[in-house]
**Student:** 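My questions all concern the structure below.
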Amino acid sequence: MANKTTNSQQGHWLLAKMGKRVLRPGGKELTQKLIDNLHITSDDDIVEFAPGLGFTASIALTKNPKSYKGVELNEAAAASLRKTIGGVRRQIIIGNAAHSTLEKDSATKVFGEAMLTMQADHRKSAIIQEAFRILKTGGLYGIHELSLAPNDIPETVKAEIQRALATVIKVNARPLTSLEWSLLLEKEGFEVVTISTSPMHLLEPRRIIEDEGFLRALKIGFNILTHPYERSQIFSMRKIFKKYESHLSAVGIIAKKK
């Protein structure tokens, strides 16, 4: 029964249990591009929404920002993050990205990955509004999310994909097109600066090796093969990703607070 319970868990945490560290739709490459496009320097006070396993935080911290704050809802993840990325002027806050409790105009760069996709539309707006609130004027907000293509994808196809994703990843995923993501940011007062895209190959062997390295990819594969209930859900996820491959991609957007 414990294994069956695990099998019903959210897809990203299930993959993490199998040893996967890179859980973003565009992989390590798009995450790196997002951080590079934020142009983080030693003068920046940066905030990350939902840092999860801390993979992106570790990249951002190589830029030596003035301060780092992570807003993480999952208490177990927060406890782990404090051990791995703790230090002077580094703080992990237990909280909701829509209500971070951080001071207004207190950050110069804010970013979050693969979390807006998992929210209903009104929650997406609330989180973007919170990013706007805590950013200083001229500050940058970076997102890396699952995206639908093309921009004029029929609503019936969009709804079909959203239902299929919700079924296999156990989260009510509601990805948008690149245009819709941009319009949503603009609606909340941001100006879109850059847009980058990448194929959504999260569970493709080549992407796993690129993201994790060959030896770790072997370990992940072994873990999946030796855990039958987890394997069943992960294979179902991959089947859906392949079925809608032509309509699924990843998008990274940098927007400026006007």
Side-chain angles (χ1 to χ4, degrees), residues 10-13 15-16 20-40 44 46-63 65 68-73 77 81 97-98 107 109-119 123-125 127-128 130-132 135 139-149 151 165 169 171 173-186 188 190-204 207-208 210-212 241 247-257:
Q10 295 177 351
H12 57 292
W13 289 118
L15 291 171
K20 202 166 189 329
R21 295 176 298 183
V22 182
L23 302 169
R24 314 313 191 192
K28 181 179 179 179
E29 183 178 359
L30 194 57
T31 288
Q32 184 67 62
K33 186 175 291 186
L34 185 82
I35 297 302
D36 289 345
N37 287 340
L38 282 170
H39 302 296
I40 297 170
D44 282 316
I46 67 175
V47 173
E48 182 177 10
F49 289 160
L53 300 179
F55 176 78
T56 306
S58 65
I59 296 175
L61 288 170
T62 64
K63 309 295 183 180
Y68 169 90
K69 292 184 176 71
V71 181
E72 176 57 58
L73 188 61
L81 286 165
K109 309 283 169 66
V110 177
F111 58 97
E113 298 181 287
M115 48 95 67
L116 290 175
T117 300
M118 307 306 178
Q119 311 295 326
R123 292 281 297 167
K124 288 179 173 66
S125 294
I127 292 168
I128 294 171
E130 181 67 356
F132 189 91
L135 271 171
L140 298 180
Y141 178 36
I143 66 171
H144 173 180
E145 298 292 339
L146 186 59
S147 181
L148 296 175
N151 282 325
L165 289 173
I169 66 177
V171 177
R174 297 183 63 81
L176 304 176
T177 67
S178 294
L179 178 60
E180 288 172 330
W181 282 120
S182 297
L183 291 174
L184 185 58
L185 289 163
E186 291 172 353
E188 302 304 337
F190 284 99
E191 175 187 354
V192 173
V193 179
T194 65
I195 300 176
S196 306
T197 60
S198 175
M200 210 301 281
H201 289 165
L202 180 67
L203 295 181
E204 292 300 308
R207 169 70 66 77
I208 294 174
E210 290 174 351
D211 286 348
E212 311 287 349
F241 294 163
H247 291 299
L248 291 174
S249 65
V251 64
I253 301 177
I254 304 296
K256 180 187 290 187
K257 178 176 178 177

**Student:** Report yes or no: does Lys124 contribute a side-chain atom to a donor-acceptor pair with the main-chain N or O of Gln119 at less than 3.5 Å?
**Tutor:** yes
**Student:** Knowing that exactly one of Ile143, Leu34, Asn37 qualifies, which makes a side-chain contact (heavy atoms from CB on, under 4.5 Å) with Ile253?
**Tutor:** Ile143
**Student:** If the condition is salt bridge (charged side-chain N to carboxylate O under 4.0 Å, His left out), which residues does Lys63 pass it with, not counting sequence neighbours?
**Tutor:** Asp36
**Student:** Between CG of Leu184 and OG1 of Thr177, what distance do you get to the nearest 0.5 Å?
**Tutor:** 10.5 Å
**Student:** Out of curiosity, Leu146 CG to Leu176 CG, how far, rounded to the nearest 0.5 Å?
**Tutor:** 9.5 Å
**Student:** To the nearest 0.5 Å, how far apart are CZ in Arg24 and NE2 in His144?
**Tutor:** 8.0 Å
**Student:** Taking the side chain as everything from C-beta on, heavy atoms only, tell me whether Met118 gets closer than 4.5 Å to Met115.
**Tutor:** no
**Student:** Please report the closest heavy-atom contact between Ser182 and Ile195, naming both atoms and the distance.
**Tutor:** OG-CD1, 3.4 Å
**Student:** Please answer whether the main-chain N or O of Thr56 pairs with a side-chain N or O of Thr31 as donor and acceptor at a distance below 3.5 Å.
**Tutor:** no
**Student:** To the nearest 0.5 Å, what is the distance between CD on Glu130 and CG on Leu135?
**Tutor:** 10.0 Å
**Student:** Please find the pair of heavy atoms, one from Leu23 and one from Ala114, that lie closest to each other, and give the distance.
**Tutor:** O-CB, 4.3 Å
**Student:** Report the C-alpha distance between Thr197 and Ser147 in whole Å, list the side-chain angles of each, state the deciding distance to 0.1 Å, and finish with yes or no for side chain to side chain contact (heavy atoms under 4.5 Å, CB included).
**Tutor:** CA-CA 9 Å; Thr197 60; Ser147 181; over 6 Å; no
**Student:** Kindly compute the distance separating CZ (Arg174) from CG (Leu116), expressed to the nearest 0.5 Å.
**Tutor:** 13.5 Å
**Student:** Could you go through Glu186 and Val192, starting from their C-alpha distance and side-chain angles, then the distance that decides it, and tell me whether this counts as side chain to side chain contact (heavy atoms under 4.5 Å, CB included)?
**Tutor:** CA-CA 7 Å; Glu186 291 172 353; Val192 173; 4.0 Å; yes
**Student:** Are Glu48 and Tyr68 side-chain neighbours, meaning at least one heavy-atom pair lies under 4.5 Å?
**Tutor:** yes
**Student:** Quick check: closest heavy atoms across Leu165 and Ala173, and the distance to 0.1 Å?
**Tutor:** CB-CB, 4.2 Å
**Student:** Please report the interatomic distance CD1(Ile40) to CG(Leu61), rounded to the nearest 0.5 Å.
**Tutor:** 8.5 Å
**Student:** Donor-acceptor pair, Asp44 side chain versus Lys109 backbone, under 3.5 Å?
**Tutor:** no
**Student:** Which pair of non-hydrogen atoms, one from Ser198 and one from Gly26, has the smallest distance, and what is that distance?
**Tutor:** OG-O, 3.7 Å
**Student:** Are the side chains of Lys20 and Asp211 in contact, using a 4.5 Å heavy-atom criterion?
**Tutor:** yes
**Student:** For residues Ser196 and Leu30, report the shortest heavy-atom separation together with the two atoms involved.
**Tutor:** CB-CD1, 3.8 Å
**Student:** Would you check if the distance from the ring center of Phe190 to the ring center of Phe132 is below 6.0 Å?
**Tutor:** yes
**Student:** Given 3.5 Å as the limit, does a donor-acceptor pair link the side chain of Glu188 with the main chain of Ser125, or not?
**Tutor:** no
**Student:** Taking salt bridge (charged side-chain N to carboxylate O under 4.0 Å, His left out) as the test, write out the residues that go with Glu29, two or more places apart.
**Tutor:** none
**Student:** Evaluate side chain to side chain contact (heavy atoms under 4.5 Å, CB included) for Val110 paired with Ile46, printing each intermediate quantity in order.
**Tutor:** CA-CA 6 Å; Val110 177; Ile46 67 175; over 6 Å; no
**Student:** For Gly52 and Trp13, which heavy atoms make the closest approach, and how far apart are they?
**Tutor:** CA-CH2, 4.4 Å
**Student:** Would you confirm whether Glu145, through its side chain, and Thr117, through its main-chain N or O, come within 3.5 Å as a donor-acceptor pair?
**Tutor:** yes
**Student:** If you apply the rule side chain to side chain contact (heavy atoms under 4.5 Å, CB included), what do you find for Lys28 with Phe55, and how did you get there?
**Tutor:** CA-CA 9 Å; Lys28 181 179 179 179; Phe55 176 78; 3.7 Å; yes
**Student:** Does the side chain of Arg21 come within less than 4.5 Å of Ser58's, by heavy atoms?
**Tutor:** no
**Student:** For a 4.5 angstrom cut-off between non-hydrogen side-chain atoms, does Val22 reach Glu212?
**Tutor:** yes
